[in-house]
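What you see below is based on every heavy atom in this structure, not just the backbone, and it leaves out hydrogens, waters and symmetry mates. Start at 1 and go down the list; that is how both ligands and their atoms are numbered. Note that the structure is a prediction, hence the values are computed from the model and not measured. Residue numbers run from 1 in the order of the sequence given.
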Amino acid sequence: MRPTAITNGSGVPPDLAALTRPDFPLLQTTVDGHRIVYLDNAATSLTPRQVLDEMNRFYAAVGANVHRGKHVLSEQASDDFENVRTRVAQFTGFRGDEVVFTANTTASINAVASGMPLTSDDLVLVPFDGHHSAMLPFRRAAEVRYIPVDGSGFVDLDRYSDLLRLGPTVVVLNHCSNVTGVYAPIAQMAEMAKEAGAVTLLDAAQSAGHRRIRDDNLDFLAFSAHKMLGPTGVGILCGRRAQLARLRPPALGGGVVDWVDSQRYELRKLPHSLEAGTPNIAGVYGLGAALDYLDRIGFTDLADHDRALGDALAAEARDREDLRVLGPVGSADRGAILSFTIRRIHNLKEIAKILSDAYGVMCRSGHMCAQPFVDGFTDDEVLRVSGYLYNDREDVAALFSALDAVIDSVR
Ligand code: PMP
């Protein structure tokens with residue numbers, strides 16, 4: 001059955017949560033008698049039993065390595081593994097041989113930054129509100145300039161346009177900020193970057209589980225299975241064939257070569273030449289099941305739910321004078337991510353711990369691996385809450401009532 005989001009008075013469609021919660025074993029558990037209100041999805045999402053079952057199927061019924069032998073179990077593992085590659089290709093609009101399995105988004109971006117023939121003479125534009133994983137790999141490989149964003153996390157398109165006139169070799173775009181939840185206008189930005197002759201890379205770590213991404217102006221696309229209901233340890237790098245072919249393989253060894261003598265070797269064809277060693281086979285099975293799960297719900301409902309949840313979080317924050325939100329609290333193209341500080345309270349780690357231990361509310365404190373951006377807003381850390389399909393209006397209410405109580409008791 002395909003669930004349909006129904007919007008109620010609060011603007012939050014409640015039924016995706018009601019429909020999907022029974023599938024998540026972790027949500028059936030409690031912490032010290034409190035039901036778990038899991039609001040740390042921007043760090044990693046929970047795993048439905050369908051994904052767990054599929055990974056278990058690999059270990060229980062298939063078990064063998066991929067692309068290594070001709071016995072029936074190895075052939076089964078290879079077929080299943082390659083079928084997931086095809087699923088990822090359908091999901092992203094890239095071709096099957098343009099999909100590379102890595103360990104995570106960080107590894108995918110590093111494969112591009114260290115695999116392209118970049119030098120300090122090359123200019124790379126990276127988003128100022130980007131994740132460290134989207135900036136540090138290029139800071140090591142080339143000259144980096146930042147695509148400016150304002151205090152709410154909106155890209156300054158005029159200054160972006162000025163930067164493009166400098167002729168960057170690569171432009172890295174951040175689809176959805178893991179701090180503000182703001183979606184960048186990537187269709188326009190990728191088109192502008194292509195017109196300027198740059199290679200484009202989209203960091204879709206925060207968006208891939210919420211919105212379908214299809215854009216011919218993207219040369220590379222990076223995301224992680226673990227933020228979209230899949231397992232940890234599986235990342236995806238999609239790259240247009242000509243661009244992938246330019247990458248120096250990040251690692252050499254088994255799996256990437258067709259033939260080796262004592263002096264020379266011949267690389268396998270793409271994408272295998274970029275996948276050295278035994279991959280996370282069970283994890284790739286799990287990714288396939290996660291994509292099936294998300295597809296059954298449908299990306300229209302997923303995106304609507306994400307927007308409505310984001311608006312509900314922002315509206316509650318807007319009503320509280322004690323909270324200073326890093327990002328928009330009014331209308332914006334946003335997802336369900338909200339970061340804030342609390343006036344006159346500095347130890348946000350402690351607040352996160354009390355929310356967890358006394359109320360069962362899981363959220364994150366820190367710089368969110370986007371420290372240059374967060375440092376422009378506060379000398380402290382921020383507290384971040386982030387929802388997904390199994391969160392609803394009740395979770396938002398539980399969070400804010402717990403937060404009100406904690407702020408009162410700490411003061
Ligand atoms: N980019 C963004 C926008 C992220 O939010 C994250 C994870 N927080 C990453 C990259 C890195 O993802 P991973 O840890 O899976 O490599």
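For Asn174, no nitrogen or oxygen atom sits less than 3.5 Å from a nitrogen or oxygen atom of ligand 1, counting backbone and side chain alike. By the 3.5 Å distance cut-off applied to N or O atoms, Ser133 is not counted among the residues near ligand 1.
Taking the centre and axis of the six-membered ring of Tyr183, the NZ or CZ atom of Arg307 falls outside the cone set by 45° and 6.0 Å. Because its NZ or CZ atom is not both nearer than 6.0 Å to the ring centre of Phe91 and within 45° of the ring axis, Arg212 does not count as a cation-pi partner of that residue.
By heavy-atom distance, the residue among His226, Met135, His131, His132 lying nearest atom 9 (C) of ligand 1 is His131.
Using a non-hydrogen distance threshold of 4.0 Å, Lys227 registers as a contact of ligand 1. Between His175 and ligand 1 there is no heavy-atom distance shorter than 4.0 Å.
Of all heavy-atom pairs between Asn217 and Thr200, the closest is O-OG1, 2.6 Å. In this structure, Pro48 and Leu229 approach most closely via the heavy-atom pair CD-O, 3.5 Å. In this structure, Leu173 and Pro127 approach most closely via the heavy-atom pair C-CG, 4.4 Å.
When only non-hydrogen protein atoms are considered, atom 3 (C) of ligand 1 lies nearest to Asp203 OD2, 3.5 Å.
Contact annotation: for Thr105 versus ligand 1, heavy atoms closer than 4.0 Å belong to both the backbone and the side chain. Residue contacts with ligand 1 for Asn178 involve side-chain atoms from C-beta outward but no N, CA, C or O (heavy atoms, distance under 4.0 Å). Heavy atoms of Met368 found under 4.0 angstrom from ligand 1: none, in either backbone or side chain.
Note: His210 and Tyr388 meet the aromatic proximity criterion, with ring centroids under 6.0 Å apart.
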